Undergrad: 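Pasting in a structure now, in structure tokens, and then I'll have a few things to ask.
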Protein chains: 2
Amino acid sequence: MTAASNPTVSLSEFTYRRGSEIYGEKEPAEYIYQVKSGTVRSYKLLSDGRRQINAFHVPGDTFGLTNGGVHRFTTEAVTDTTVRLIRRESLDAVAGSDGTLTGSLLDMTTTNLRHAEDHMLLLGRKTSLERVAAFLIEMDRRLTAAGVLALPMSRRDIADYLGMTLEIVSRSLSHLRALGILGFIDNNQRHIVLLDRQQLTGFDRRN
Amino acid sequence: MTAASNPTVSLSEFTYRRGSEIYGEKEPAEYIYQVKSGTVRSYKLLSDGRRQINAFHVPGDTFGLTNGGVHRFTTEAVTDTTVRLIRRESLDAVAGSDGTLTGSLLDMTTTNLRHAEDHMLLLGRKTSLERVAAFLIEMDRRLTAAGVLALPMSRRDIADYLGMTLEIVSRSLSHLRALGILGFIDNNQRHIVLLDRQQLTGFDRRN
DNA sequence: CGGAAGATTGAGGTCGATCAAGCTACGTGG
DNA sequence: CCACGTAGCTTGATCGACCTCAATCTTCCG
């Protein structure tokens with residue numbers, strides 16, 4: 001990250017336990033975060049408990065950036081997670097004078113926006129099978145190592161990300177497995193092998 | 001591009017006929033637009049024709065801003081629409097050196113992002129009645145004059161914005177009217193009076 | 001080994017989608 | 001001014017994808 005090399009920006013690190021909250025919606029935004037290890041979920045709640053996860057953040061991702069100083073999501077550690085912290089005020093201090101830094105804030109915001117735009121299409125118009133296929137492709141791109149996709153999040157988290165129920169997520173995965181498009185690794189339902197990326201991509205009619 | 005060949009471009013203004021395309025997805029982004037009069041819809045399509053409208057732009061709104069020089073949506077005039085044009089390259093030229101300008105790009109992008117974030121919650125987790133209620137509240141805020149909400153867009157457009165069908169939009173509106181929460185003005189189904197904003201807000205369980 | 005959390009699978013219900021018919025508004029031309 | 005055509009809206013009937021409820025199974029830990 002650009003900001004990391006700037007001496008006026010203070011850096012520190014913190015580790016959150018699986019399930020613990022990093023910050024809450026509407027809290028003042030003191031820090032910007034970068035995931036060092038682990039996974040973070042970012043979500044909004046309705047008053048009756050319905051939850052929409054808007055993003056998962058994996059190592060390398062930056063999150064918690066907000067214009068206006070107040071967080072618009074709650075974030076929690078999906079697994080034990082270590083993050084780097086950057087004081088927000090130290091960014092503000094230099095933002096006005098340093099065009100390069102403001103530009104990188106713009107880049108980060110644009111990246112978030114592009115993801116949100118794609119996700120709106122998924123949530124508004126795709127079928128459950130298409131959503132799950134799109135999810136697998138996204139996660140495969142972002143966190144596959146050694147040919148195995150190790151999902152850090154539960155079926156419920158996936159469901160709340162894709163705007164469906166955990167049962168339908170499970171059924172969709174079973175269906176894709178039955179079709180020979182993916183396989184589960186022995187004894188862990190979160191370890192997935194994508195056997196046919198071609199066909200999987202076909203299920204996600206992007207564009 | 002249509003606008004490029006038109007003489008009114010030199011005046012930095014252009015008028016689009018109802019239904020005509022302003023720019024297409026994946027086209028290079030030459031201009032940024034501001035709505036002077038009329039309404040614009042911005043959308044993505046799936047290969048089989050399913051459409052997700054991500055935003056309606058009304059007078060005063062800026063749209064067409066994209067980092068990377070390529071449009072991520074198709075935009076069309078919902079009604080006859082006049083826009084002001086700003087050459088994109090003229091922004092790029094000063095963006096690096098002028099922190100203030102880059103900051104305003106950041107503000108616009110942040111505004112878009114916030115809207116997209118709220119819309120993800122709507123698309124992923126709200127019921128059809130909640131969606132329509134939220135839509136009416138949003139449009140009431142953005143374009144009501146003289147106590148009457150004059151919707152420029154069709155039921156189909158509304159449906160594609162809210163991730164549902166035009167029939168369900170129509171039924172939801174009829175339902176709200178039956179409850180005495182809104183009324184239609186004589187002889188035009190797109191002129192709506194909000195009789196009970198309090199109760200309408202109750203249907204949209206925001207947060 | 002025992003309990004809890006998470007995943008799968010089944011059965012049945014429901015909300016919204018689809019298919020279809022009619023209605024209303026509105027523009028066009030006689 | 002009216003007949004007519006068309007586009008858009010409403011309403012009804014039926015269908016189906018997804019949700020809900022529930023039972024069972026697996027994994028993971030203490």
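The model shown is predicted, which means the values in this text are computed figures rather than measured ones. The sequence lines fix the lettering, A, B, ..., with proteins before strands; numbering per chain opens at 1.
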Undergrad: Using atom CZ of F184(B) as one end and atom C1' of dG8(D) as the other, report the distance to the nearest whole Å.
TA: 13 Å
Undergrad: In Å and rounded to the nearest 0.5 Å, what is the CG to CG distance from L65(B) to L106(A)?
TA: 7.5 Å
Undergrad: Among all residues two or more places apart in sequence or in another chain, which pass the salt bridge (Lys or Arg N to Asp or Glu O under 4.0 Å) test with E130(B)?
TA: R50(A), R205(B)
Undergrad: Below 30° counts as parallel, above 60° as perpendicular, anything between as tilted: where do the rings of H71(A) and Y33(A) land?
TA: tilted
Undergrad: Looking across every strand, which nucleic acid part, if any, lies under 4.0 Å from R131(A) by heavy atom: base, sugar-phosphate, or nothing?
TA: nothing
Undergrad: Under 3.5 Å, is there a donor-acceptor pair between the Y43(B) and E76(B) side chains?
TA: yes
Undergrad: Do the side chains of R72(B) and E25(B) get close enough for a salt bridge, i.e. N-O under 4.0 angstrom?
TA: no
Undergrad: Check every atom of dT8(C), dC28(D), dC9(D) against the side chain of Q189(B) and return the nucleotide holding the closest atom.
TA: dC9(D)
Undergrad: Summarise protein proximity over nucleotides 10-20 of chain C in one line of letters, 5' to 3': B for base, S for sugar-phosphate only, - for none, counting protein heavy atoms closer than 4.0 Å.
TA: BB----SBBB-
Undergrad: Side chain of R155(A): nearest nucleotide among dT8(C), dT10(D), dT9(C)?
TA: dT8(C)
Undergrad: Examine dA7(C): is either OP1 or OP2 under 4.0 Å from a nitrogen or oxygen in the side chain of R190(A)? Give yes or no.
TA: yes
Undergrad: Could you state the atom-to-atom distance from CG of L176(B) to C1' of dC9(D) in whole Å?
TA: 16 Å
Undergrad: Under 4.0 Å between any heavy atoms, over every strand shown, what does R18(B) touch: base, sugar-phosphate, or nothing? Just pick one.
TA: sugar-phosphate
Undergrad: Identify whether any heavy atom of L173(A) sits under 4.0 Å from a base atom; if not, whether one sits that close to sugar-phosphate; answer base, sugar-phosphate or nothing.
TA: nothing
Undergrad: With a 6.0 Å cut-off (strictly less than), is the heavy-atom count around CD of E13(A), excluding the residue itself, greater than 12?
TA: yes
Undergrad: Any side-chain N or O of N188(A) below 4.0 angstrom from OP1/OP2 of dT26(D)?
TA: no
